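Below is one structure, written out as structure tokens; comments come after it.
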Amino acid sequence: MKRKLLCSFISFAVFMFALPLSTTAHNSDYWSGVYTGFITQSNLKFRIESTAITSLLTSSVYHSAYNWSGISSNVGNIGVAIAAPGMPTTGFFSVYGQVLYGGTLGTTIYMDSLGNIVNANSNWHMVCILMNTDFSAYSGTGDPTQVAKKVFMHEVGHTLKLCHPVYSPGASGHTYNGGYPKTIMNQGLPKSSTPWVSATIAEHDKSNLKAKWGA
Ligand SMILES: [Zn+2]
Ligand SMILES: [Zn+2]
């Protein structure tokens, strides 16, 4: 009996020691499927349409998407182009602005080659992102620009097939609010009362991106 207890203690101690070294990715944190068009996760380029440019949603907000580059060797440099007259419309996924209701800050729509909205777990041909142009949606924290960057990076995370992390008590890294990891892929405003909503790409996001597309 004593021997068994000692064994359990040793395996527990080894487990606790090994935990920080192990990967914290979970396949419930990302969608299945790939891109089937000629734009893929390795050459994602976004065209910021004029409707998506406001005094808050500036080019520097959209350039925050570059933070997803270089984490996975199979996710290349993210491209961001501010639409200008004469610029080609092909080769890009569009980002549009409109007033969104119900507390939605941004949303990503995934489609087949005909533009039909498809299931998140299926193969995608293209995506588009809608950003809320209502300035007041980004208030409630100290820095609306930081919130806007969080929103755009979150939506670009969706285009990379990362989903909202599943509530999973006991899963490695899911230590916040009973079962959520600290990640930019959580919904909501990044504020001190919700420390699991990260304003920047967190370690758990990086692990999931590498698990999805390769290290
Ligand atoms: Zn997870
Ligand atoms: Zn989302």
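Just so you know, ligand 1 is whichever comes first in the structure, and atom 1 is the first atom listed for that ligand. Worth saying up front: this structure is predicted, and the values here are computed from it rather than measured.
Looking at His154 and the Zn ion (ligand 2) together, the shortest N, O or S contact belongs to NE2.
Here the CD1-CG distance, from Ile201 to Asn67, works out to 5.0 Å after rounding to the nearest 0.5 Å. Going from atom CG of Asn177 over to atom CG of Asn186 covers 9.0 Å, rounded to the nearest 0.5 Å. Rounding to the nearest 0.5 angstrom, the gap separating the NZ atom in Lys45 from the CD1 atom in Ile39 is 7.5 Å.
Using a 30° and 60° split on the angle between ring planes, His204 and His174 fall in the perpendicular class, above 60°. Ring geometry for His63 against Tyr66 counts as parallel: the plane angle stays under 30°, on a 0 to 90° scale with 60° as the upper cut.
In this structure, Lys206 is not positioned above the aromatic face of Trp68 in the sense of NZ or CZ being under 6.0 Å from the six-membered ring centre and within 45° of the axis.
Taking the centre of each ring, Phe92 and Phe46 stay at or above the 6.0 Å mark.
Taking 2.8 Å as the threshold, Cys163 does not count as a candidate ligand of the Zn ion (ligand 2), since none of its N, O or S atoms lies below it.
Counting only protein atoms, the N, O or S atoms lying less than 2.8 Å from the Zn ion (ligand 1) are His26 ND1, Asp29 OD2, His174 NE2, His204 NE2, ordered by chain and residue number.
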